[in-house]
Amino acid sequence: MSDILRDAVVNPVRDAVPFLVITVLWVLVMLVLYGLFLVTKPGNIIYDAWVHATVFVVPAIGFLGQVLQQALSGQHRA
């Protein structure tokens, strides 16, 4: 494999793998906690949509911030 291909494809993919693994694990943990939230809530309580959305929106903001940070730091390494 040529050095140009390695620099253009392999290295960025290798750098992204830890972030992707952490993201997948965090999404799984988040879904398990959300499932526990739904299973343990009293039956006579109905939550508005914003309560359910906060489970996913707040971590999504963190994920987007991390992706932006990774993208910006990737530009500085080049």
Side-chain angles (χ1 to χ4, degrees):
M1 187 179 299
S2 71
D3 290 336
I4 296 171
L5 181 61
R6 180 170 296 132
D7 290 341
V9 176
V10 176
N11 290 339
V13 169
R14 187 175 349 120
D15 291 344
V17 167
F19 173 69
L20 293 175
V21 169
I22 290 169
T23 301
V24 168
L25 290 175
W26 182 248
V27 167
L28 290 175
V29 167
M30 185 176 59
L31 289 174
V32 167
L33 291 176
Y34 183 62
L36 288 173
F37 168 75
L38 291 178
V39 169
T40 59
K41 79 174 183 74
N44 58 348
I45 294 178
I46 298 174
Y47 294 109
D48 290 335
W50 69 268
V51 175
H52 296 285
T54 58
V55 174
F56 300 103
V57 171
V58 174
I61 293 169
F63 292 151
L64 290 174
Q66 182 66 25
V67 168
L68 180 62
Q69 179 185 7
Q70 291 289 326
L72 293 175
S73 69
Q75 289 179 350
H76 288 88
R77 280 189 282 157

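Throughout, residue positions are numbered sequentially from 1 according to the sequence presented.
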Under a side-chain separation threshold of 4.5 Å, the hydrophobic residues clustered together with Ile61 are Val57
Got a sec: does the CD1 of Ile46 have more than 12 other heavy atoms crowding it under 6.0 Å?
-> no
Which of Leu33, Leu25, Val32 passes side chain to side chain contact (heavy atoms under 4.5 Å, CB included) with Val29? Answer is Leu33
Linking I/L/V/M/F/W/Y whenever their side-chain heavy atoms sit closer than 4.5 Å, directly or via other members, would Met30 and Tyr47 fall into one cluster? yes
**Message:** Quick check: do Leu31 and Phe56 have side-chain heavy atoms less than 4.5 Å from each other?
**Reply:** yes
By side-chain contact (heavy atoms from CB on, under 4.5 Å), Pro42 pairs with (sequence neighbours left out) Asn44, Ile45
Tracing side-chain contacts under 4.5 Å among Ile, Leu, Val, Met, Phe, Trp and Tyr outward from Val24 reaches Leu28
